[in-house]
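In what follows, a single structure is set out as structure tokens and then discussed.
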Amino acid sequence: MSGVSTSSSDQAGKRRFQLRPYRIRWPERVVGASAAILLLAMLLFSWFTFPIRPSGGLGTKYYVVGNSENGWHGLAHAHWLLLVAILAAFGLVVFQAARAAPPVPVTFSLLVMLLGGLSTLWLVIRVVLDPPAGRNFGGWLALISAAVLTSAGYQSVRMEGIAPQDTPRDIPTVSPDELAGQNSERPEPS
């Protein structure tokens, strides 16, 4: 294109969305792993087992066999809170790898910490204090992974900064004499 220097087109190429694995620090790795475990615990493992109960009226010998529920089906509306926390955690990992400057990853770190804390608090109430039925492995695994997610989100907020590979190598400086020389070369506006 005419009127566009090659250096500006080179800079436009550098602005592309590129994931750089070296930017992902240990808290983001823990956040990603605990979010994946929380997702698996929510969808694949049994959280609650409802007891065997008789069906029908008096004198019947038919029984309904115990029913097992996973986290997605066993939780009325709170599974959406867990899902949003999981998506925010995955977003933190992606934005930490994609962004050299910390403002967007810091926002996601804080969001993960808050959503993870809410999820942990809710899971303590639902799994430990007031389960709807018998507790199973999936609820405990989800509680542990939500607590780890919260802690790793907190550590990610505390460690924010620029990766050593992304720091500027040479910072250009201008002396006062050079600055005065540049100002004298400019034509006066008329």
Side-chain angles (χ1 to χ4, degrees), residues 17 19-53 63-166:
F17 186 80
L19 298 177
R20 309 230 188 243
Y22 65 83
R23 291 181 184 148
I24 301 174
R25 300 164 307 195
W26 73 266
E28 289 85 21
R29 293 178 199 274
V30 172
V31 163
S34 60
I37 291 170
L38 181 59
L39 182 64
L40 291 175
M42 197 166 86
L43 297 176
L44 298 180
F45 294 109
S46 171
W47 284 37
F48 308 112
T49 301
F50 297 95
I52 297 173
R53 57 185 165 76
Y63 288 90
V64 175
V65 178
N67 186 0
S68 179
E69 294 285 337
N70 64 12
W72 185 259
H73 295 102
L75 308 174
H77 297 290
H79 59 258
W80 294 111
L81 172 65
L82 296 177
L83 185 63
V84 169
I86 291 167
L87 291 175
F90 289 147
L92 169 62
V93 173
V94 168
F95 282 115
Q96 184 66 41
R99 305 293 298 178
V104 173
V106 167
T107 304
F108 269 87
S109 296
L110 187 61
L111 186 65
V112 165
M113 184 182 71
L114 293 175
L115 288 172
L118 287 173
S119 299
T120 302
L121 179 65
W122 184 84
L123 287 173
V124 163
I125 292 169
R126 194 63 172 161
V127 173
V128 178
L129 301 176
D130 188 25
R135 299 175 189 105
N136 288 346
F137 174 71
W140 294 107
L141 181 63
L143 175 61
I144 291 168
S145 62
V148 169
L149 182 87
T150 305
S151 176
Y154 173 73
Q155 291 299 325
S156 179
V157 169
R158 290 188 51 139
M159 290 181 67
E160 283 306 328
I162 297 175
Q165 295 90 333
D166 291 331

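No experiment lies behind these values; they were computed from the predicted model shown.
Rounded to the nearest 0.5 Å, atoms CG (Leu141) and OG (Ser34) are 10.5 Å apart. Between the OG atom of Ser145 and the CG atom of Leu40 there is a distance of 9.5 Å, given to the nearest 0.5 Å. A distance of 11.0 Å separates CG in Leu110 from CG in Leu92, rounded to the nearest 0.5 Å. Considering OG of Ser119 and CE of Met42, their distance stands at 9.5 Å, rounded to 0.5 Å. The distance from atom CG of Leu44 to atom CG of Leu39, rounded to the nearest 0.5 Å, is 8.0 Å. Leu82 CG to Leu87 CG: the interatomic distance, rounded to the nearest 0.5 Å, is 11.0 Å.
Heavy-atom minimum distance, Leu123 versus Ala142: CD1-O, 3.6 Å. Here the shortest heavy-atom pairing between Gly117 and Thr150 reads N-OG1, 3.1 Å. Looking at every heavy atom in both residues, Leu149 comes nearest to Gly116 through CD2-CA, 4.0 Å. The heavy-atom pair separating Phe108 from Ala88 by the smallest distance is CD2-O, 3.6 Å. Taking all atoms of both residues into account, the shortest heavy-atom contact from Ala41 to Trp47 is O-NE1, 2.8 Å.
Not a single donor-acceptor pair under 3.5 Å links the side chain of Ser151 to the backbone N or O of Ala147. No donor-acceptor pair under 3.5 Å is formed between the side chain of Gln96 and the backbone N or O of Val93.
The shortest distance between side-chain heavy atoms of Ile37 and Ile144 does not fall below 4.5 Å. Put simply, the side chain of Val112 does not reach to within 4.5 Å of the side chain of Ser156, judged on heavy atoms. In this structure, Trp26 and Gln155 have side chains that are in contact, with non-hydrogen atoms separated by less than 4.5 Å.
Within a 6.0 Å radius of OH in Tyr154, other residues, nucleotides and ligands contribute 12 heavy atoms or fewer.
The aromatic rings of Trp80 and Trp72 sit perpendicular to each other, their planes meeting at more than 60°, with 30° as the lower class boundary.
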